[in-house]
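These notes concern the structure reproduced below.
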Amino acid sequence: MAAAQKIKRTVYVGPFVHSQSLQKLDICPTGAIGVDETGKIAFVERDVKDIGDVIPVTQKHGWQNSQIVRTKDNGFFFPGFIDTHIHASQYPNTGIFGKSTLLDWLNTYTFPLESSLSDLSKARRVYNRVVARTLSQGTTTAAYYATIHVPATNLLADICLAKGQRAFVGRVCMNAMSPEYYRDESTEAAMRSTRECIEHVRGIDPGFEIVSPIITPRFAPSCTRECLREQGKLHQETGIPCQTHISENKNEIELVKELFPESKSYADVYDSAGLLTEKTILAHAVHLTEEEKALIKEREAKISHCPASNTALTSGSARVRQLIDQGLTVGLGTDVSGGFSPSILEMVRQAVWVSRHVAMSDGDQAKLSMEEALYLATRGGAKVVGLAQKVGGFDVGMDWDAQMISLGSVAEDGLTGDEIHKDPVDVWGWESWDERVAKWVYNGDDRNTAAVWVKGRLVHQRASFRP
Ligand SMILES: Nc1nc2[nH]cnc2c(=O)[nH]1
Ligand SMILES: [Zn+2]
């Protein structure tokens, strides 16, 4: 059964920051957020006169005997990050990509590693670590690709539930153009395995409250038409979300044209199979045509922007400003291990940098601001995974999927050698709140992530954090 954690009513006291809109951050230095026993946000107070004395707030809401959790050291609460695209199975290869590009990278680095997770003890090591690592970096929701293996995929779902990370866990379907040693032997076999994993998740979390299955055709080249169609039928019958890759790399696009000459486009291959819907996550979308963008918008399919991966594999620079301006829904993805980091905070930076390079050729309007990239990492990502009403911000009625950021004490003289390593950010005391957030975005890392909650449950904390 789902880890139905009974939790205590808690008031989270201190500054909080979350996206108000795509362009605007809502920064509230004097906040108090009440989270009830089910992990839902019950109230949000913005003008706590003395955050040292929250009795008046607790009395106002009749929450006298609730637990109090305070920020400290120039800290603030921020919504949990949403990783809309990550290959849990590829985690050991993080940082290993050499000078490869997608299609050779798959054969050289990726298929060998993924196929080795048939060894369940290896899968256990990899999956325990990638869930622990991403939680430590504030990722409260992740859309995971596993491998073709049923036991290992079920294990990933078990680990996410046990550790309390919200997750979409996808058994990868690939019955074409894949190595003999690593492929589904037929459409029937692929669908049987996928259904087994869906039923496993239904068994451990019947309401998909924390862990949900997700139908995962790897990408068009690695599935026969029949296999794509069967997954499309399953997607339409069950309403279970689906994730895949699209238009990442120019050679891949040419390959799809050769393999599916009857289709009008890459997006049309998925659409013809019934895989292009409002519950579909399309990773990359670097080289979409105008027609494809219009079709994706019409189907309300979602986009996962994976800046680190697109740069590492020289796939291209996604025109995110254009995608947003044309009304497409965009979130961020680490795309480990095409991407070199499991950190969504790093993806916020990478999305800003990729947009700067686009701007150097397309003009300033292409630049993404820090605020916009943080929106993509939270509310945008929540829309991509279909949880926009539940997570991504601090609104009453949402779940407390949150992280406490601590920027450390104001910089003093006389730090000893080792102390300088404690905090990656130097705060001087004269910064505005906007400036503090900017310092976290551009200089911060997991050393600043003091604690992480999912649905009100404390799922990660640093030793320095005492709830
Ligand atoms: N980046 C990336 N693109 C893909 N396209 C198909 N499979 C993959 C993968 O594992 N990573
Ligand atoms: Zn991917």
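As the structure lists them, so they are numbered: ligands from 1, and atoms in each ligand from 1. As the structure is a prediction and not an experimental result, all values here were calculated from the model.
With hydrogens left out, the protein atom closest to atom 1 (N) of ligand 1 is Asp335 OD2, 2.7 Å, a heavy atom. Among all non-hydrogen protein atoms, the one lying nearest atom 7 (N) of ligand 1 is Arg218 NE, 2.8 Å. Nearest to atom 5 (N) of ligand 1 among the protein's heavy atoms is His245 CG, 3.5 Å.
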Test salt bridge (charged side-chain N to carboxylate O under 4.0 Å, His left out) on Arg229 and Glu226; report intermediate values, then the result.
CA-CA 5 Å; Arg229 265 199 312 275; Glu226 185 201 18; over 6 Å; no

Decide ring pair (Phe, Tyr, Trp, His ring centres under 6.0 Å) for His235 and Tyr270; before the verdict, give the C-alpha distance in whole Å, the side-chain angles of both, and the deciding distance to 0.1 Å.
CA-CA 12 Å; His235 175 53; Tyr270 293 135; over 10 Å; no

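Close contacts between ligand 1 and Leu106 involve ligand atoms 7 (N), 8 (C), 9 (C), 10 (O) [criterion: under 4.0 Å to a heavy atom]. Set against the non-hydrogen atoms of His87, the atoms of ligand 1 under 4.0 Å away are 9 (C), 10 (O), 11 (N).
Using 4.0 Å as the threshold, Trp105 has a heavy atom nearer than that to some atom of ligand 1. For the pair Glu252 and ligand 1, no heavy-atom separation below 4.0 Å is found.
When the Zn ion (ligand 2) is compared with the N/O/S atoms of His85, atom NE2 turns out nearest.
Residue contacts with ligand 1: Thr110 is placed with no nitrogen or oxygen under 3.5 Å of a nitrogen or oxygen of the ligand (distance criterion only).
Among the backbone and side-chain atoms of Asp335, an N/O/S atom is found under 2.8 Å from the Zn ion (ligand 2). Using a cut-off of 2.8 Å, one finds that His284 contributes no N/O/S atom close to the Zn ion (ligand 2).
Proximity of the aromatic rings of His284 and Phe219 is defined here by a centroid distance below 6.0 angstrom, and this criterion is not met.
Contact check on Glu262 versus Arg225 returns a salt bridge, with a Lys/Arg side-chain nitrogen under 4.0 Å from an Asp/Glu carboxylate oxygen. A salt bridge does not link Arg218 to Asp184: none of the charged side-chain nitrogens sits closer than 4.0 Å to a carboxylate oxygen. At a threshold of 4.0 Å, the pair Arg321-Asp362 does not count as salt-bridged, since none of the basic side-chain nitrogens sits closer than that to a carboxylate oxygen. Classification of Asp325 and Arg319 as a salt-bridged pair fails, no side-chain N sitting under 4.0 Å from a carboxylate O.
Relative to atom 2 (C) of ligand 1, the option among Gln90, Glu114, Glu248 with the closest non-hydrogen atom is Glu248.
Distance check: Gln137 CD to Thr334 OG1 gives 9.5 Å after rounding to the nearest 0.5 Å.
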